Amino acid sequence: MQKTIERELTLSGAGLHTAHIATMTFKPAEADSGITFVRTDLPGAPRIKACHDALLSQGRSPRRTSLGAGAAEVHTVEHLMAALCGLGIDNIVIEIDNMEIPGLDGSSLKFVDALQKAGIREFSKERHYFAVKEPIVAEEDGASILAVPDPEFKISYTLSYDHPLLRSQFL
């Protein structure tokens, strides 16, 4: 079933890439509304829907996942999006007063903790799923990702930088 949060919550912190301080207010949203960022610091408070059409190219914002709509952008959304996914939150409005999500502790943990404290509300409406029906490969600048059909959700991840101080990692 689709989910949102029970009550509003606010978090603040510095962005990992820009060090700009941002305050985010998370608000419950209706079923089927999805995840929407609202740039409250910009004229007209533009809305950015978290969807594949809103993804910005890595060339514009390297080493992070960024979304945009028109001139409005929100950067470094990956840890927050992972927290929302892990908690099964499909519908939420996230108001933010700067261009980059706060890094908090550098992981998803602080987002998960805060969202759980806000409470999770389940709708009586079924969640929408995407299914991988054939292998999908994406490659760019030496990085790649491969998704293959499987009846279970599994992720294998290898991180390998060409740097003497950073060893390869596998999870």
Side-chain angles (χ1 to χ4, degrees), residues 2-3 11 13-20 22 24 26 29 32-39 41-42 46-96 98-115 126-171:
Q2 294 184 39
K3 296 178 186 175
L11 294 173
L16 292 173
H17 296 275
T18 64
H20 295 158
M24 297 187 317
F26 297 82
D32 292 328
S33 62
I35 298 167
T36 304
F37 292 90
V38 180
R39 285 290 306 273
D41 60 318
L42 298 177
R47 300 171 77 81
I48 305 167
K49 190 87 161 159
C51 65
H52 70 301
D53 291 335
L55 280 171
L56 299 179
S57 75
Q58 285 293 299
R60 288 181 59 186
S61 55
R63 306 204 41 79
R64 62 194 122 167
T65 302
S66 301
L67 302 171
E73 298 180 355
V74 63
H75 296 265
T76 321
V77 300
E78 57 270 25
H79 296 159
L80 172 56
M81 294 300 288
L84 294 170
C85 180
L87 293 170
I89 296 173
D90 312 276
N91 306 288
I92 194 166
V93 173
I94 304 158
E95 295 180 347
I96 183 167
N98 213 316
M99 68 184 295
E100 186 177 20
I101 301 291
L104 304 179
D105 70 345
S107 77
S108 296
L109 182 60
K110 298 287 184 187
F111 292 116
V112 169
D113 290 345
L115 291 162
E126 287 191 17
R127 174 176 287 136
H128 304 284
Y129 288 96
F130 290 98
V132 177
K133 297 189 185 213
E134 59 186 50
I136 302 169
V137 179
E139 296 180 89
E140 185 176 317
D141 296 330
S144 63
I145 188 168
L146 167 68
V148 295
D150 195 290
E152 296 180 37
F153 182 70
K154 295 185 261 185
I155 297 175
S156 299
Y157 180 77
T158 301
L159 177 68
S160 182
Y161 290 112
D162 185 19
H163 191 282
L165 298 178
L166 299 173
R167 70 183 201 288
S168 292
Q169 301 173 46
F170 177 80
L171 176 66

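Since we're looking at a predicted model, the values are computed, not measured.
- Nearest heavy-atom pair across A72 and P46 is CB-CG, 3.6 Å.
- Partners of S107 by side chain to side chain contact (heavy atoms under 4.5 Å, CB included), not counting sequence neighbours, listed by chain and number: D105, L109.
- In terms of heavy atoms, S108 sits closest to A82 at OG-CB, 3.5 Å.
- Residues that satisfy the side chain to side chain donor-acceptor pair (under 3.5 Å) test with K154, not counting sequence neighbours, are D150.
- Residues passing the salt bridge (Lys or Arg N to Asp or Glu O under 4.0 Å) test with R47, sequence neighbours excluded: none.
- Around CG of L146, the count of heavy atoms belonging to other residues, nucleotides or ligands within 6.0 Å exceeds 12.
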Side chain to side chain contact (heavy atoms under 4.5 Å, CB included) between R39 and I96, intermediate numbers included: CA-CA 5 Å; R39 285 290 306 273; I96 183 167; 3.8 Å; yes

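- Remark: L166 CG is packed, more than 12 non-hydrogen atoms of other residues, nucleotides or ligands lying under 6.0 Å away.
- Scanning for salt bridge (Lys or Arg N to Asp or Glu O under 4.0 Å) contacts around D32 gives K125, with sequence neighbours left out.
- Here E95 pairs with K27 under the side chain to side chain donor-acceptor pair (under 3.5 Å) rule; sequence neighbours left out.
- Every side chain to side chain contact (heavy atoms under 4.5 Å, CB included) that D90 has, sequence neighbours left out, goes to Q2, K3, R127.
- Here the straight-line distance linking atom CZ of F111 with atom CG of L11 works out to 6.5 Å at 0.5 Å rounding.
- Partners of A50 by side chain to side chain contact (heavy atoms under 4.5 Å, CB included), not counting sequence neighbours, listed by chain and number: I35, F37, L67, M81.
- For H52, the side chain to side chain donor-acceptor pair (under 3.5 Å) criterion is met by no residue, not counting sequence neighbours.
- We find the CD-OG distance between Q169 and S160 to be 9.5 Å, quoted to the nearest 0.5 Å.
- Nearest heavy-atom pair, P149 versus P135, reported as atom, atom and distance to 0.1 Å: CD-N, 3.9 Å.
- With a 4.5 Å cut-off on side-chain heavy atoms, H75 and T18 do not count as touching.
- Contact check for I92 versus L115: side-chain heavy atoms found under the 4.5 Å cut-off.
- Within the 4.5 Å cutoff, no side-chain heavy atoms of H79 are placed close to those of L104.
- Looking at residues two or more places apart in sequence or on another chain, you find no side chain to side chain donor-acceptor pair (under 3.5 Å) involving N98.
- Across all non-hydrogen atoms, the minimal contact from A22 to P102 is O-CG, 3.5 Å.
- Annotation: side chain of F26 is in contact with side chain of L80 (closest heavy-atom distance under 4.5 Å).
- Residues meeting the side chain to side chain contact (heavy atoms under 4.5 Å, CB included) test with E139, sequence neighbours left out: V137, S144.
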